[in-house]
Amino acid sequence: MIILGIDTSCDETSVAVLNDLQPLSNVISTQVKQHRKFGGVVPFLAQRLHRERINQVTELALRQAKVNWNDLDYLAVTYGPGLAPALEVGLEFAKQQSLQHGTALIGVNHMWGHFASVQVGGKQTIQYPALGVLISGGHSEIIFAKSFGEAQIVGQTLDDALGEAYDKAAVMLGLSYPGGKVLAKLAKAGDPLTYQLPIPMQRSGDLNLSYSGLKNAMRLLVLEFGENGPKEAEVKDLSATFQAVANQSLCLKLERAFQHFPEVKSLVVGGGVAANQDLRQRVRTIAREYGVEIMFPPSIKLCTDNAAMIAATAKLALDSGMKSGHSAKLDRVPYLTVEDGPIK
Ligand code: KG4
Ligand code: ZN
């Protein structure tokens, strides 16, 4: 089965072609540079750039995969969650192409995409019931999945997403946007025990997360370095401290989730922050302790937003017997959640 996937949910224009779960191409055109001077993603700028790039990115994805429109069985496009103006571009384009080439259209839930990303390439298969930790710039949630398609959010952030907290801490340290990756790199050379920051949500009895308190504590800590701010070595130690505390907070909730759901067989970690090596190590230790098989996306490229995971979601949903329908009526749903299911 050949599926073309499209994702324009945020600031990456991505188109991929999958043969079952094997990526034949996965083209990602990022807008990071254009949004950098604003310190965040500007929705209407994202929309304009998606419009400018979607044709070329699609042509390249098809060419790299060595297929043409007639070879495609399905066209899978993200219809939510994400920035409304950005989602609109992918959806409009997909509907138009579906009409023109007669390719069946499937609307895909981006959050299920991050979950399904671990199966791209076909080397890992999620065993159910599974826990999912979906951590990106826009979302931080723990989900309990009975099967592919049936999941419940059992914990989520009450304020900032984990990736967003990383990015904001990076700004405080004078690092370039989006700073999560840069901060993580500097943290490697720093000592996480030099400074003290409070671990958020330690005593909350639930599985929810919160990063605004940590962000504030970090802001106050950085202010202590005066007008010139922290020096190079201090930035490394501050990065290490922030990373350790932010990750520990997530891991505490993950442990609690394992205690809550002892029947869980796999742990899936997806989203941009799944690229964080310190987090991977911590999560691996906990999963081992609870005897749960752990799965990360098979490459860093599959952690952050990409269309291969969107096509994979369509494939896994069809394999589970789910049907899609309403292609002409398909509309963007910016606040879609995993509980709404993988496809429409
Ligand atoms: O999944 P993603 O591409 O976007 C959303 O769907 O939101 O995730 C991007 C987020 C950014 O906040 C970025 O700073 C963060 O993932 N990120 C990292 C790392 N690599 C990317 N955060 C911490 N450590 C990393 N190595
Ligand atoms: Zn995402």
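Order of listing sets the numbers, starting from 1, for every ligand and every atom in it. Side chains included, hydrogens not; waters and symmetry mates left out as well; all remaining heavy atoms used.
- Of the N and O atoms on the side chains of Asn109 and Asp340, not one donor lies less than 3.5 Å from an acceptor on the other residue.
- Close to ligand 1: His114, with a non-hydrogen atom less than 4.0 angstrom away.
- Here the heavy atom of the protein found nearest to atom 17 (N) of ligand 1 is Gly272 O, 3.7 Å.
- For atom 13 (C) of ligand 1, the closest non-hydrogen atom of the protein is Asp167 OD1, 3.7 Å.
- Close approach of ligand 1 to Gly163 is summarised as follows: ligand atoms under 4.0 Å from at least one heavy atom of the residue are 12 (O).
- Counting heavy atoms from C-beta outward, Val120 and Asn306 have side chains that stay 4.5 Å or more apart.
- At a 3.5 angstrom cut-off on N or O pairs, Gly138 counts as close to ligand 1.
- Counting non-hydrogen atoms of neighbouring residues, nucleotides and ligands closer than 6.0 angstrom, the CD atom of Gln196 reaches no more than 12 such neighbours.
- Taking CE of Met218 as the reference point, atom CG of Leu223 lies at 11.0 Å (rounded to 0.5 Å).
- The side chain to side chain donor-acceptor pair (under 3.5 Å) with Ser29 is formed by just one residue from the set Arg53, Gln56, His50; it is Arg53.
- Here Lys253 pairs with Asp206 in a salt bridge; the nearest charged N to carboxylate O distance falls below 4.0 Å.
- Atoms of ligand 1 found under 4.0 Å from any heavy atom of Gly137 (numbered from 1 in listed order, with element): 4 (O), 5 (C), 7 (O), 8 (O), 9 (C), 10 (C), 12 (O).
- The residue among Asp11, Val182, Asn276 with a heavy atom at the shortest distance from atom 23 (C) of ligand 1 is Asn276.
- Residue Leu83 shares its hydrophobic cluster (ILVMFWY side chains chained together at separations under 4.5 Å) with Val41, Tyr177.
- Protein atoms of type N, O or S found under 2.8 Å from the Zn ion (ligand 2) total 3.
- At under 3.5 Å, not a single nitrogen or oxygen of Thr304, backbone or side chain, sits near a nitrogen or oxygen of ligand 1.
- The single protein non-hydrogen atom nearest to atom 22 (N) of ligand 1 is Gly180 CA, 3.7 Å, given as residue, atom name and distance.
- Looking only at side-chain heavy atoms (C-beta outward), Asp305 and His114 come within less than 4.5 Å of each other.
- Using cut-offs of 30° and 60° for the angle between ring planes, the Phe115 and Tyr128 rings count as tilted.
- In this structure, a donor-acceptor pair under 3.5 Å is present between the side chains of Asn247 and Tyr166.
- Between Gly179 and ligand 1, no N or O atom pair is found at a separation short of 3.5 Å.
- For His110, the heavy-atom gap to ligand 1 drops under 4.0 angstrom.
- Ion pairing of Glu88 with Arg51 is present here, as a side-chain N (NZ or NE/NH1/NH2) and a carboxylate O approach within less than 4.0 Å.
- Aromatic ring pairs are classed by plane angle as parallel below 30°, tilted from 30° to 60° and perpendicular above 60°; the pair His101 and Trp69 is parallel.
- The nearest protein atom to atom 6 (O) of ligand 1, hydrogens excluded, is given as Asp305 OD1, 3.0 Å; this is a heavy-atom distance.
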